[in-house]
Enquirer: 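I'd like to ask you about the structure that follows.
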Amino acid sequence: MMNHLIIRPERPEDYKATELMTMRSFWNKYWPGCTEHFLIRIIRESDDYLPEISRIAELDGRIVGAVYYTRAWLVDGDVRQEIATFGPLAVEPTLEGNDIGGALMRETIKLAKEAGVAAIALMGEPNYYPRFGFRRGAEIGITDAEGNTFDALMCLPLCDDVSVIKGRLIESADVDKLEDQDRLDEINKEFPVYRKVKVQEGFMQIFEQHLGVVETINGDIYYVRYWELLIPAKLSEGLSEKPSVGSDVQFRWNHKGESTITKVIRNLLES
């Protein structure tokens, strides 16, 4: 199926479909709902947008992935080195596991290098991006704007002189526009209404797992509703509470084998 995947620049007629796909990709991933579809609009309006290295993925006429790059800077004392950052990297959730995100990353890293971009930095899933050559910021002297470092802060140097790739990562000031809740509320009216789930207070950070609802049970097989898919899963060893029909669960989706439910959760918005 992925032999028909097309990686190409985004066109205005793609905008709405790309935003919807991105919304689905990030819905309830880090907090109830998401803001990544809003971020795309902010990026397109920004002078710091880098459309020449941003790309979308199309499969059989459908937008199934996208990645957006913007200018960023590494500031080390009086030295200000322009680099690039990206986000969101979005993939249609029902097609995860087909290397769509990988195809987007490989193509855009190549484009960035050809364009003379000195480095690409990001804050993302620390177990995913190292496969493309990204290294922890702490390894090469990169921090966030406040001087902090953590596993999610990573960088891929692309220039010959790696010694200049250090300092505090400063993103485009336009990212601050994400705080405009009124505009987000207006944008959300353009899209389907999806159920919001709140697992815990603050940032959820559910890396490498997903949220779903148990729809049916057949013996020791639990069928978990995840978007339009019904995914068969077994209970992980040591699970303290067995789910029932209608339970919100956290599960590990094995695209090539047995999926497992790792936790029964409570939606704090409905409790």
Enquirer: Under 6.0 Å between ring centres, would you say that holds for Phe86 and Tyr129?
Expert: yes
Enquirer: Give me the atom names and distance for the closest heavy-atom approach of Ala112 to Leu158.
Expert: CB-CD1, 3.9 Å
Enquirer: Supply the atom-to-atom distance Thr260 OG1 to Trp253 CH2, rounded to the nearest 0.5 angstrom.
Expert: 13.5 Å
Enquirer: Between Leu50 and Leu74, is there a shared hydrophobic cluster once you connect ILVMFWY residues whose side-chain heavy atoms come closer than 4.5 Å?
Expert: no
Enquirer: Can you tell me how far apart CD (Glu19) and CG (Leu39) are? Round to the nearest 0.5 Å.
Expert: 10.5 Å
Enquirer: Run the side-chain contact (heavy atoms from CB on, under 4.5 Å) check on Glu270 and Arg195 step by step: do they pass?
Expert: CA-CA 11 Å; Glu270 297 175 355; Arg195 177 175 176 249; 2.9 Å; yes
Enquirer: Would you check if the side chain of Ser25 reaches a backbone N or O of Met21 as a donor-acceptor pair within less than 3.5 Å?
Expert: no
Enquirer: What verdict does the salt bridge (Lys or Arg N to Asp or Glu O under 4.0 Å) test give for Glu171 and Arg71, after you've listed the backbone C-alpha separation in whole Å, the side-chain angles of each residue and the deciding distance to 0.1 Å?
Expert: CA-CA 7 Å; Glu171 297 182 275; Arg71 291 183 183 85; over 6 Å; no
Enquirer: Has Asp180 got a side-chain atom pairing as donor or acceptor with Arg183's backbone, closer than 3.5 angstrom?
Expert: yes
Enquirer: Indicate the atoms forming the closest heavy-atom contact of Arg55 with Glu52, along with that distance.
Expert: NH1-O, 3.4 Å
Enquirer: Should Val164 and Ile140 be counted in the same cluster of Ile, Leu, Val, Met, Phe, Trp and Tyr side chains packed under 4.5 Å apart?
Expert: yes
Enquirer: Can you tell me if Lys196 has over 12 outside heavy atoms packed within less than 6.0 Å of its NZ?
Expert: no
Enquirer: Please check if the number of heavy atoms outside Asp47 that lie under 6.0 Å from its CG is greater than 12.
Expert: no
Enquirer: Write down the atom of Ile221, the atom of Pro232, and the distance for their closest heavy-atom approach.
Expert: CG2-CB, 3.8 Å
Enquirer: Measure the acute angle between the ring planes of Phe132 and Tyr128, then classify it against the limits of 30° and 60° as parallel, tilted or perpendicular.
Expert: perpendicular
Enquirer: With side chains defined as the heavy atoms from C-beta onward, is the minimum distance between Ile142 and Leu153 less than 4.5 Å?
Expert: yes
Enquirer: Are a donor atom and an acceptor atom from the side chains of Thr108 and Tyr69 found within less than 3.5 Å of each other?
Expert: yes
Enquirer: Hey, does the side chain of Arg225 reach the backbone of Glu228 with a donor-acceptor pair shorter than 3.5 angstrom?
Expert: yes
Enquirer: Counting only heavy atoms not in Asn148, do more than 12 sit closer than 6.0 Å to its CG atom?
Expert: yes
Enquirer: Should the ring pair His210 and Tyr226 be called parallel, tilted or perpendicular, given that the plane angle runs from 0 to 90° and is split at 30 and 60?
Expert: perpendicular
Enquirer: Do Ile42 and Ile53 belong to the same hydrophobic cluster, where Ile, Leu, Val, Met, Phe, Trp and Tyr are linked whenever their side-chain heavy atoms lie under 4.5 Å apart, directly or via other members?
Expert: no
Enquirer: So which heavy atom on Leu169 is nearest to which on Ala72, and how close?
Expert: CD1-CB, 4.0 Å
Enquirer: Please say whether the positively charged group of Lys242, taken as NZ for Lys or CZ for Arg, lies over the ring of Tyr222, i.e. under 6.0 angstrom from the six-membered ring centre and within 45 degrees of the axis.
Expert: no
Enquirer: Quick one: CG on Leu184 to CG on Asn188, what's the gap to the nearest 0.5 Å?
Expert: 4.5 Å
Enquirer: Any chance you could measure Glu241, atom CD, to Ile265, atom CD1, to the nearest 0.5 Å?
Expert: 11.0 Å
Enquirer: Quick one: do Glu208 and Asn127 satisfy side-chain contact (heavy atoms from CB on, under 4.5 Å)? Show the steps, please.
Expert: CA-CA 9 Å; Glu208 300 181 336; Asn127 294 323; 3.2 Å; yes
Enquirer: Report yes if the distance between the aromatic ring centroids of Trp227 and Tyr194 is under 6.0 Å, otherwise no.
Expert: yes
Enquirer: Treat each ILVMFWY residue as a node, draw an edge where side-chain heavy atoms are under 4.5 Å apart, and state whether Leu95 and Val224 are in one component.
Expert: no
Enquirer: Do the side chains of Pro130 and Met154 get nearer than 4.5 Å, heavy atoms only?
Expert: yes
Enquirer: For Glu107 and Arg8, run salt bridge (Lys or Arg N to Asp or Glu O under 4.0 Å): C-alpha distance rounded to whole Å, both residues' side-chain angles, the deciding distance at 0.1 Å, then the answer.
Expert: CA-CA 9 Å; Glu107 176 65 14; Arg8 63 171 176 82; over 6 Å; no
Enquirer: Would Val64 and Leu5 count as a side-chain contact (heavy atoms from CB on, under 4.5 Å) here? Give the steps.
Expert: CA-CA 9 Å; Val64 296; Leu5 190 71; 3.8 Å; yes
Enquirer: Rounded to the nearest 0.5 Å, what separation is found between the CD1 atom of Ile56 and the CD1 atom of Ile6?
Expert: 9.5 Å
Enquirer: What's the spacing between Met23 CE and Glu190 CD if we round to 0.5 Å?
Expert: 10.0 Å
Enquirer: Between Ala145 and Ile170, which heavy-atom pair has the shortest distance, and what is it?
Expert: CB-CD1, 3.8 Å
Enquirer: Does atom CD (Glu237) have a neighbourhood of more than 12 heavy atoms from anything else shown, all under 6.0 Å?
Expert: no
Enquirer: Would you say Leu235 and Pro243 make side-chain contact, with heavy atoms under 4.5 Å?
Expert: yes
Enquirer: Name the one of Val199, Val213, Val214 that satisfies side-chain contact (heavy atoms from CB on, under 4.5 Å) with Asp248?
Expert: Val213
Enquirer: Counting distance only, does the side-chain N/O of Asp174 pair as donor-acceptor with the main-chain N or O of Ser46 below 3.5 Å?
Expert: no
Enquirer: Taking the side chain as everything from C-beta on, heavy atoms only, tell me whether Lys16 gets closer than 4.5 Å to Phe191.
Expert: yes
Enquirer: Please confirm whether the backbone N or O of Asp48 pairs with a side-chain atom of Thr70, one donor and one acceptor, at under 3.5 Å?
Expert: no
Enquirer: Mind checking whether Leu269 and Val197 have side chains closer than 4.5 Å, heavy atoms only?
Expert: no
Enquirer: If we only count heavy atoms from C-beta on, is the Arg136 to Phe150 side-chain gap below 4.5 Å?
Expert: no
Enquirer: Any side-chain heavy-atom pair from Arg168 and Asp76 closer than 4.5 angstrom?
Expert: no
Enquirer: Might you point out which heavy atoms bring Leu104 and Ala90 nearest each other, and give the distance in Å?
Expert: CD1-O, 4.3 Å
Enquirer: Working note: Lys166 + Val79, criterion side-chain contact (heavy atoms from CB on, under 4.5 Å); need CA distance, chi angles, decisive distance, verdict.
Expert: CA-CA 10 Å; Lys166 61 182 178 178; Val79 179; over 6 Å; no
Enquirer: Could you tell me whether Glu36 and Arg41 have a side-chain N and a carboxylate O separated by less than 4.0 Å?
Expert: no
Enquirer: Going by atom types only, do Asn98 and His255 share a side-chain donor-acceptor pair under 3.5 Å?
Expert: no
Enquirer: Answer yes or no: is there a side-chain heavy-atom contact under 4.5 Å between Ile165 and Cys159?
Expert: yes
Enquirer: Let's go through Gln209 and Thr262 carefully: what are the C-alpha distance in whole Å and the side-chain angles of both, what is the deciding distance for side chain to side chain donor-acceptor pair (under 3.5 Å) to 0.1 Å, and is it a yes or a no?
Expert: CA-CA 9 Å; Gln209 295 198 38; Thr262 59; 2.5 Å; yes
Enquirer: Is there a chain of hydrophobic side chains (I, L, V, M, F, W, Y, each step under 4.5 Å between heavy atoms) that links Ile40 to Phe38?
Expert: yes
Enquirer: Regarding Ser54 and Glu10, is there a side-chain donor-to-acceptor distance under 3.5 Å anywhere?
Expert: no
